[in-house]
Each structure stands twice: as structure tokens, then as C-alpha cells.
Amino acid sequence: MDRKFKIDFTEANVQDSVAYILVREFDLKPNILKAEIDGDGTGVMVLGLAGDDDKLDRAQKRLEEEGFRVKELLKRIDRDEELCFDCGACVSICPTGVFSHDPVTWKVVLDTNKCIACRSCVNACARHALSVHL
């Protein structure tokens with residue numbers, strides 16, 4: 001099973017290796033999708049994890065015990081259908097192919113499972129029809 005998580009770091013645990021814990025202790029396959037560390041030592045990481053559900057649940061609990069705030073990202077992107085007029089600006093800017101045009105209707109179609117929460121689409125949307133949730 002593949003799931004995506006947001007992990008918040010504090011100054012106290014920013015030096016700890018999340019990836020090491022996930023791989024070594026739980027045999028999970030992490031894919032770091034986004035990571036930002038601020039000047040004050042706090043930060044956030046968005047990562048995809050592949051492995052069985054039991055290991056994913058135990059790994060989440062283990063990271064929380066280490067002081068990380070862990071949130072599973074079930075839905076990362078929303079589109080306001082009333083604002084969107086299918087211009088396609090999001091299609092060309094998205095690095096992971098979340099957006100595509102339906103070849104028959106030319107409506108913009110979303111595959112939210114591909115979203116890495118980079119927010120490129122939000123910035124590209126002239127109608128402000130897109131929002132990303134972390």
C-alpha cells in the first residue's frame with residue numbers, strides 16, 4: 001500500500017533521521033516529495049511511503065513517540081468547480097501529472113493520488129480555483 005504523510009519537525013528533532021527509522025525499523029520505502037527546513041530549525045516533510053498497512057501504522061506511532069507531528073494526507077488538492085473554466089494552466093505546470101485534459105470533452109481531469117502538494121497549480125490558476133491542504 002502507498003500512503004502519503006506530512007511530518008512536522010521541531011528544533012529538538014530536526015536532526016533525527018526519519019528515513020532511517022522508516023527503512024531500518026519498518027522496512028518501508030520512503031519517497032521524499034517535499035522538504036523544507038526554516039531558519040529556526042522547524043520544518044516539514046511530505047513523503048510517500050510504500051509498505052503494508054500494519055507497518056505504516058506502527059511507523060507513524062513510532063515517529064509520534066519521537067516527537068514528530070505526523071498527519072496522513074488523504075486528500076491534498078481541491079478544485080472549486082464553479083471557479084474552474086478548464087483553461088489548462090494547471091496541466092502544463094504540474095510536475096507529477098495530476099491534471100490532464102479529457103480527450104473528448106477537453107475538461108481538466110484530476111488524479112489526486114499523484115499530488116505532492118508542491119502548490120505550483122495554485123500559483124498558476126488565474127481563477128484561484130485550486131487549494132492544497134497540508
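Not measured: the values here are computed from a predicted model.
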Looking at every non-hydrogen atom in both residues, tell me the closest pair between [X] and [Y] and how far apart they are.
X    : Y    : value
C94  : G97  : SG-N, 3.5 Å
G41  : V14  : O-CB, 3.3 Å
L28  : G51  : CD2-CA, 3.7 Å
A129 : C84  : CB-N, 3.7 Å
K4   : N113 : NZ-O, 2.7 Å
V108 : C90  : CG1-SG, 3.9 Å

Can [Y] be reached from [X] by stepping across I, L, V, M, F, W or Y side chains whose heavy atoms are under 4.5 Å apart?
X    : Y   : result
V98  : I93 : no
I77  : V91 : yes
V122 : F85 : no
I21  : I7  : yes
V70  : L47 : yes

Hey, what do you get for [atom1] ([X]) to [atom2] ([Y]), rounding to the nearest 0.5 Å?
X    : Y    : atom1 : atom2 : answer
T105 : D86  : OG1   : CG    : 7.5 Å
R127 : C87  : CZ    : SG    : 9.0 Å
L74  : T112 : CG    : OG1   : 10.0 Å
I37  : T42  : CD1   : OG1   : 7.5 Å
C115 : L73  : SG    : CG    : 9.0 Å

Problem set entry | Contacts of A35 that satisfy side chain to side chain contact (heavy atoms under 4.5 Å, CB included) - sequence neighbours left out | I32, M45

For this session: Evaluate the criterion side-chain contact (heavy atoms from CB on, under 4.5 Å) for residue pair K6 and V44; output intermediate values, then yes/no.
Result: CA-CA 7 Å; K6 174 188 173 194; V44 64; 3.5 Å; yes

Does atom [atom1] ([X]) have a neighbourhood of more than 12 heavy atoms from anything else shown, all under 6.0 Å?
X   : atom1 : value
R69 : CZ    : no
E82 : CD    : no
Q15 : CD    : no

Problem set entry | Plane angle bin for W106 and H101 - parallel if under 30°, tilted between 30 and 60°, otherwise perpendicular | tilted

Exercise. Quick one: does F68's side chain get under 4.5 Å of D16's, heavy atoms only?
Worked result: yes

For this session: Kindly indicate whether the side chain of L63, heavy atoms from C-beta on, has any atom under 4.5 Å from the side chain of L22.
Result: yes

Under 3.5 Å, side-chain donor or acceptor atoms of residues 54-61 against the rest of the protein: list the pairs with distances, not counting sequence neighbours.
{"unit_1": "D54", "atom_1": "OD2", "unit_2": "R58", "atom_2": "NE", "d": "3.1"}
{"unit_1": "D57", "atom_1": "OD1", "unit_2": "R3", "atom_2": "NH1", "d": "3.4"}
{"unit_1": "D57", "atom_1": "OD1", "unit_2": "R3", "atom_2": "NH2", "d": "2.9"}
{"unit_1": "Q60", "atom_1": "NE2", "unit_2": "E64", "atom_2": "OE2", "d": "3.4"}

Exercise. Are D102 and K107 close enough for a salt bridge, meaning some N to O gap below 4.0 Å?
Worked result: no

Problem set entry | Verdict with supporting geometry, F99 and L110, side-chain contact (heavy atoms from CB on, under 4.5 Å) | CA-CA 5 Å; F99 306 94; L110 276 75; 3.7 Å; yes

